[in-house]
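Scroll down for the structure; my scribbles are underneath it.
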Amino acid sequence: MSCRIQVEPTGKLMEELILDVQQKIVAGLEAIDGQKFYQDRWTKGEGGYGISCVIQEGNVFEKGGVNTSIVQGVLSQDAVQRMRANHEGIDRSAKELPFFAAGISMVIHPSNPMAPTTHLNYRYFELVNSDGRKIWWFGGGADLTPSVLFEDDARHFHKLHKDACDRHDPTFYPRFKKWADDYFLIKHRKETRGIGGIFFDDLSEKDPKDLFAFVKDCAYTFLPSYIPIMEKRKDMEFTEADKEFQLIRRGYYTEFNVMYDRGTWFGLQAPNPRVESILMTLPLHASWRYNYEPKEERHKALLEATHNPVEWA
């Protein structure tokens, strides 16, 4: 089976968007940190390529990455089932299906426990059934994962993403905020990994031009939603208890990413996966303590929000 497909115009627009968003985000984060990201440009068979931009042991960011990938190939049926929640219309009799994917994925882990970890991902997929019919959709979102909860930060992050949603459809934010709360649930711990944001998948309910405009708006919302928070928190004083709690929360973050994250699973099952780029989401340091119970009230406040999601906007 050929793994080359004729990519729709939306796919080309998405490719241009994610490359521009990537460089803008990198520039914004470099301005905060003062250290440059290492940029690793790679190619793979059938014309696939991407750019992995990584920072490690920076002045502000302990570890982070802003990655793009534009790839074509064939996916096994198992990989197809993992990459999409709604399997309607997908040819489940075929062992392999050609695909095109363009996406940007970012995770940033600050050193200071008063500053929040954050995640962003926006992606576009095309699949080709055995009869030649194409199935396409968008997915993605952004969320905030603090160790110490500052309600002003939570409201700011959610408000800007709500505003981006509302410019396109007033039903989007309540739907996608709840979806984020459900998706970022660490099921075995019965709590969310952070304080959420927005998340959506299998989005194909409108004209692709309209949905592309929505995704574009959300992607450019990231810097104004996160940079002001970092400017306030990156130099705050903190205690040893704050640092310990941050490492515990990063352990939970790791559990979610390797056990439940759909992007991680898809990346590792795609042909010839770039493991270093896929697992750049994991923190440089994390900790697991037996029967750990936080003692600080501000740490307990975060746990209240992760066990009982809040309507921030």
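As the structure is a computational prediction, the values presented were derived from the model and not from experiment.
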Show which side-chain atoms of residues 222-233 pair as donor or acceptor with protein atoms under 3.5 Å away, not counting sequence neighbours.
from: S225; atom 1: OG; to: T221; atom 2: O; distance (Å): 3.4
from: S225; atom 1: OG; to: F222; atom 2: O; distance (Å): 2.7
from: Y226; atom 1: OH; to: P116; atom 2: O; distance (Å): 2.7
from: K232; atom 1: NZ; to: D153; atom 2: OD1; distance (Å): 3.2
from: R233; atom 1: NE; to: D153; atom 2: OD2; distance (Å): 2.9
from: R233; atom 1: NH2; to: D153; atom 2: OD1; distance (Å): 3.1

Side chains of residues 57-64: which donor-acceptor partners sit under 3.5 Å, not counting sequence neighbours?
from: N59; atom 1: ND2; to: D33; atom 2: O; distance (Å): 2.9
from: E62; atom 1: OE2; to: R250; atom 2: NH1; distance (Å): 2.6
from: K63; atom 1: NZ; to: L282; atom 2: O; distance (Å): 2.7

For residues 21-28, which side-chain N or O atoms pair as donor and acceptor with protein atoms under 3.5 Å away, sequence neighbours left out?
from: Q22; atom 1: OE1; to: T68; atom 2: OG1; distance (Å): 3.1
from: Q22; atom 1: NE2; to: I51; atom 2: O; distance (Å): 2.8
from: Q22; atom 1: NE2; to: V66; atom 2: O; distance (Å): 2.8
from: Q23; atom 1: OE1; to: Q39; atom 2: NE2; distance (Å): 3.3
from: Q23; atom 1: NE2; to: Q39; atom 2: OE1; distance (Å): 3.4
from: K24; atom 1: NZ; to: D20; atom 2: OD1; distance (Å): 2.8
from: K24; atom 1: NZ; to: D20; atom 2: OD2; distance (Å): 3.0

Using a 3.5 Å cut-off and no angle test, enumerate the donor-acceptor pairs between side-chain atoms of residues 100-109 and protein atoms at least two apart in sequence or in another chain.
from: H109; atom 1: ND1; to: T117; atom 2: OG1; distance (Å): 3.1
from: H109; atom 1: NE2; to: T281; atom 2: O; distance (Å): 2.9

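Two different hydrophobic clusters hold V275 and Y38 under the rule that ILVMFWY side chains link at heavy-atom gaps under 4.5 Å. When hydrophobic clusters are built by joining Ile, Leu, Val, Met, Phe, Trp and Tyr residues whose side-chain heavy atoms come closer than 4.5 Å, directly or via intermediates, I186 is not grouped with W288. Under the 4.5 Å side-chain heavy-atom criterion for Ile, Leu, Val, Met, Phe, Trp and Tyr, F212 and W136 are members of the same hydrophobic cluster.
Among residues two or more places apart in sequence or in another chain, the ring-ring contact (aromatic ring centres under 6.0 Å, His included) test is passed with H156 by none.
Between E297 and K300, at least one side-chain N (NZ, or NE/NH1/NH2) sits under 4.0 Å from a carboxylate O, which counts as a salt bridge. A salt bridge links D152 with R155: at least one charged nitrogen is closer than 4.0 Å to a carboxylate oxygen. A salt bridge links K177 and D181; the closest N-O separation between the charged side-chain nitrogens and carboxylate oxygens is under 4.0 Å.
No donor-acceptor pair closer than 3.5 Å links the side chain of H161 to the backbone N or O of G141. Listed for the D166 side chain is no donor-acceptor partner under 3.5 Å among the backbone atoms of D163. Proximity of a side-chain donor or acceptor of T43 to a complementary backbone N or O of Y49 within less than 3.5 Å is not detected.
None of D143, D261, T306 except one satisfies the side-chain hydrogen bond (donor to acceptor under 3.5 Å, both in side chains) rule with R193; the exception is D143.
L284 forms part of no hydrophobic cluster, judged by ILVMFWY side-chain heavy-atom separations under 4.5 Å.
Rounding to the nearest 0.5 Å gives a distance of 10.5 Å between NE2 of H168 and NZ of K206.
For K295, the NZ atom is loosely surrounded, since the number of other residues' heavy atoms within 6.0 Å does not exceed 12.
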